[in-house]
Amino acid sequence: MTLLDQETAGTWIARWDAQQEGYVPDREERFTAMIDAVEAAAGRPDPLVLDLGCGPGSLAGRILDRMPGATVVAIDTDPLLLSLGRAVHAGRDGIAFTTLDLREPGWAARLRLPRQADAAVSTTALHWISPADLRVVYAELATLLRPGGLFLNGDDLQVDDVTPGLAGLDTALRERRRARRAAGARPENWAEWWEAIGADPAFAELRGASGEEVTGHHGSPSRLLSAHADALRAAGFGEVGTLWQHGDNRVLAALLPG
């Protein structure tokens, strides 16, 4: 299979980040808050961190930029996104991209970690897993974290009793932040990014080898905050709560007992 060059991968990841920021204008602030929390909770310069549903490694790379001594195990199931991450971080110590489907029981054991992880993170990746599967994912995750280990989920997570007036204001505020950041230009959206990379000849071999079509978003069956909080508590996390929030855009944090 033809290997992607670093420059090509970097261009596509830059476009990925831009289209993601079109949906989440506070994305970089959320990344910063999550890395601050990992740094504070780990209590060591060389933490072992899991990135669940890592995509092309946007958060994983930022963790290493802040904590060069860290080891990040970046997990995803999409071959195209993983190939981008592997190419742009080629030769960089501390990051390992791993192909695993979190919905398949036993994924935690298949990681074969050298020790229990200090923290795990995820951004906009777990809402597409069904609530039933989410409980299994979090139960397996709990076996991988050390006592007192931290999990952070950065995503749009809605409360059960949505109030339409406040929800509308949240949408309006987000649209205004998005417009200010874009300076009037409409950013590329998710579907357009996938369509464009699907048409790039550089990915022809990859798509043929993977046997998968570029289909884009998986849906949002676990969009409710309560689905994640309940599943985390059932998995044994003793403290669960929102650590950072802009409207429904939040970082849900969970700590195992120490």
Side-chain angles (χ1 to χ4, degrees), residues 17 20-21 23-45 47-55 57-67 70 72-75 102 116-129 131 134-135 137-142 144-163 166-167 169-170 173-174 177 220 222-258:
D17 286 341
Q20 288 286 292
E21 288 167 8
Y23 296 101
V24 187
D26 306 304
R27 183 171 180 258
E28 287 296 338
E29 183 182 337
R30 187 174 67 187
F31 278 159
T32 298
M34 294 177 73
I35 299 169
D36 283 346
V38 168
E39 193 172 37
R44 54 189 295 171
L48 176 57
V49 184
L50 310 179
D51 186 357
L52 307 184
C54 64
S58 297
L59 177 55
R62 286 163 173 79
I63 291 171
L64 284 176
D65 289 342
R66 175 84 70 84
M67 293 178 281
V72 182
V73 179
I75 303 162
L102 300 176
Q116 288 184 301
D118 300 286
V121 296
S122 187
T123 55
T124 62
L126 298 180
H127 58 249
W128 59 268
I129 298 177
L134 195 64
R135 284 180 171 261
V137 169
Y138 285 151
E140 293 212 23
L141 173 62
L144 296 174
L145 293 173
R146 63 166 172 77
L150 172 69
F151 171 65
L152 299 171
N153 185 20
D155 204 348
D156 277 351
L157 298 174
Q158 300 170 351
V159 295
D160 298 80
D161 54 341
V162 175
T163 51
L166 292 179
L169 282 174
D170 176 42
L173 289 174
R174 185 178 302 204
R177 290 197 303 275
S220 306
S222 293
R223 195 56 110 166
L224 288 178
L225 174 65
S226 60
H228 293 264
D230 292 347
L232 287 163
R233 292 190 179 97
F237 288 86
E239 298 181 46
V240 181
T242 296
L243 197 61
W244 176 97
Q245 182 175 7
H246 278 192
D248 284 335
N249 178 20
R250 70 184 76 225
V251 175
L252 179 65
L255 284 168
L256 284 176

Exercise. Name all residues meeting the side chain to side chain donor-acceptor pair (under 3.5 Å) criterion together with Asp156; count only those two or more places apart in sequence or in a different chain, and write none if there are none.
Key: Arg174

Quiz item: In chain order, what residues pass the side-chain contact (heavy atoms from CB on, under 4.5 Å) check against Ser122, with sequence neighbours excluded?
Solution: Leu52, Ala125, Leu126, Phe151, Asn153

Quiz item: Can you name the side-chain contact (heavy atoms from CB on, under 4.5 Å) partners of Val24, sequence neighbours left out?
Solution: Arg27, Arg30, Asn249

Quiz item: Okay, side chain of Gln116, backbone of Leu145: is any donor-acceptor separation there less than 3.5 Å?
Solution: yes

Quiz prompt | side chain to side chain donor-acceptor pair (under 3.5 Å) partners for Thr242, two or more places apart | solution = Arg250

Practice problem: With rounding to the nearest 0.5 Å, note down the distance linking CH2 in Trp128 to OG in Ser220. | Solution: 11.5 Å

Quiz item: Nearest 0.5 Å, what's the CG-CG distance between Leu232 and Leu141?
Solution: 8.0 Å

Practice problem: Output all residues satisfying side chain to side chain donor-acceptor pair (under 3.5 Å) with Asp26, sequence neighbours left out; order by chain, then residue number. | Solution: Arg177, His246

Quiz item: Backbone N or O of Ser222 within a donor-acceptor pair of the His228 side chain at under 3.5 Å?
Solution: yes

Exercise. Tell me, with the steps shown, if Glu29 and Thr32 meet side chain to side chain contact (heavy atoms under 4.5 Å, CB included).
Key: CA-CA 5 Å; Glu29 183 182 337; Thr32 298; 5.6 Å; no

Exercise. Could you pull out the closest heavy-atom pair between Ala42 and Arg146, with the gap in Å?
Key: O-NH2, 3.6 Å

Practice problem: Search all heavy atoms of Asp17 against all heavy atoms of Ser58 and return the closest pair with its distance. | Solution: OD1-OG, 2.7 Å

Self-check item: Residues in salt bridge (Lys or Arg N to Asp or Glu O under 4.0 Å) contact with Glu239, at least two apart in sequence or another chain
Solution: none

Exercise. Find the distance between CD (Gln158) and CG (Leu225) and round it off to the nearest 0.5 Å.
Key: 10.0 Å

Self-check item: Listed partners of Asp155 passing salt bridge (Lys or Arg N to Asp or Glu O under 4.0 Å), at least two apart
Solution: Arg223

Exercise. List for me each residue that meets salt bridge (Lys or Arg N to Asp or Glu O under 4.0 Å) alongside Arg66, sequence neighbours excluded, and say none if there are none.
Key: Asp36, Glu39

Compile the donor-acceptor pairs under 3.5 Å between side chains in residues 251-258 and protein atoms, sequence neighbours left out, one pair per line.
none

Quiz item: How would you list, by chain and number, every residue that makes a side chain to side chain donor-acceptor pair (under 3.5 Å) with Glu28, sequence neighbours excluded?
Solution: Arg62

Quiz prompt | Residue pair Met67 / Pro47, side-chain heavy-atom distance below 4.5 Å | solution = yes

Quiz item: What residues, two or more places apart in sequence or in another chain, satisfy side-chain contact (heavy atoms from CB on, under 4.5 Å) together with Leu64?
Solution: Ala70, Val72, Arg92, Ile95

Exercise. Using the test side-chain contact (heavy atoms from CB on, under 4.5 Å), find all partners of Val121 that sit at least two apart in sequence or belong to another chain.
Key: Met34, Val38, Val49, Asp51, Leu59, Ile63, Leu152

